[in-house]
Amino acid sequence: KLLEQLLEFYASDLKPLHDRITFPPYVKTYLLEMADFTCVETNQRINKDNSEIHHIVQLKDGGTNDLDNLQILSIEGHAQIDKHRHLKAA
């Protein structure tokens, strides 16, 4: 079911290639599963509430919203690589 949702989302003409978009929840679920629920930057265990989707090549630098340009990181890990991101107050 998850794979079907992903394929349908990425096959749709509604997906802007280089524009910032809000990903459906199942994209985050897929990325979490592919990362074994572990942030590659901090080695922290992550879930849907303490993680963020990161563009490996930023959109402004020609990156896309395709799955092969996305990774899931802890909020802290995302702030470490994207200096413009600020940690949310606890």
Side-chain angles (χ1 to χ4, degrees):
K1 173 103 174 140
L2 178 60
L3 186 55
E4 289 173 16
Q5 288 176 313
L6 284 168
L7 290 173
E8 183 178 321
F9 174 69
Y10 277 95
S12 90
D13 292 333
L14 302 175
K15 179 186 64 73
L17 190 59
H18 297 285
D19 295 338
R20 190 157 303 278
I21 62 172
T22 300
F23 290 98
Y26 51 82
V27 172
K28 191 176 220 184
T29 300
Y30 174 80
L31 293 170
L32 281 164
E33 289 177 3
M34 292 299 97
D36 196 28
F37 297 88
T38 304
C39 174
V40 297
E41 286 297 312
T42 64
N43 239 9
Q44 175 184 0
R45 295 294 291 167
I46 52 178
N47 59 48
K48 66 179 181 68
D49 297 321
N50 69 353
S51 62
E52 297 177 335
I53 295 174
H54 170 68
H55 290 87
I56 298 165
V57 176
Q58 293 185 24
L59 296 173
K60 69 180 180 83
D61 295 329
T64 68
N65 291 310
D66 290 333
L67 284 174
D68 61 356
N69 189 46
L70 302 177
Q71 66 184 162
I72 192 85
L73 301 171
S74 67
I75 294 169
E76 295 84 359
H78 202 186
Q80 287 175 16
I81 35 181
D82 280 351
K83 301 302 181 201
H84 71 279
R85 307 215 35 103
H86 301 283
L87 290 175
K88 300 171 187 165

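Computed from a predicted model, the values in this text were never measured in an experiment. Nothing fancy with the numbering, it's 1 onward along the sequence.
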*Would you mind reporting whether Ile46 and Thr38 have side-chain heavy atoms less than 4.5 Å apart?*
no
*asked:* Taking Leu31 as the starting point, is it possible to reach Phe37 by hopping between hydrophobic residues whose side chains are less than 4.5 Å apart?
replied: yes
*Which atom pair, heavy atoms only, marks the closest approach of Cys39 to Ser74?*
SG-N, 3.3 Å
*Does some side-chain heavy atom of Glu52 sit less than 4.5 Å from a side-chain heavy atom of Leu73?*
no
*To the nearest 0.5 Å, what is the distance between OG1 (Thr29) and NZ (Lys1)?*
12.5 Å
*In terms of hydrophobic clusters joined by side-chain contacts under 4.5 Å, are Ile21 and Val57 together?*
no
*Can you see which heavy atom on Ile56 is nearest to which on Asp68, and at what distance?*
CD1-O, 4.0 Å
*Considering only heavy atoms from C-beta outward, does the side chain of Gln58 approach that of Asp82 to under 4.5 Å?*
yes
*asked:* So which atom in Asn50 and which in Arg45 form the shortest heavy-atom distance, rounded to 0.1 Å?
replied: ND2-O, 3.5 Å
*Treat each ILVMFWY residue as a node, draw an edge where side-chain heavy atoms are under 4.5 Å apart, and state whether Tyr26 and Tyr30 are in one component.*
yes
*asked:* Using every non-hydrogen atom in the two residues, find where Ser51 and Lys28 come nearest and quote the distance to one decimal.
replied: O-NZ, 2.7 Å
*Write down the atom of Lys48, the atom of Leu32, and the distance for their closest heavy-atom approach.*
N-CD1, 3.6 Å
*Are Met34 and Val40 linked, directly or through other ILVMFWY residues, by side chains that come within less than 4.5 angstrom of each other?*
no
*If Ile, Leu, Val, Met, Phe, Trp and Tyr residues are connected whenever their side-chain heavy atoms lie under 4.5 Å apart, and connections chain through other members, are Ile72 and Leu2 in the same group?*
yes
*Quick one: pull up CD in Gln80 and NE2 in His54 and give me the separation to the nearest 0.5 Å.*
11.5 Å
*asked:* Can you tell me how the ring of His55 sits relative to the ring of Phe23, calling it parallel under 30°, perpendicular over 60° and tilted otherwise?
replied: tilted
*Looking at Asp66 and Leu70, what are the two nearest heavy atoms and their distance?*
O-CG, 3.4 Å
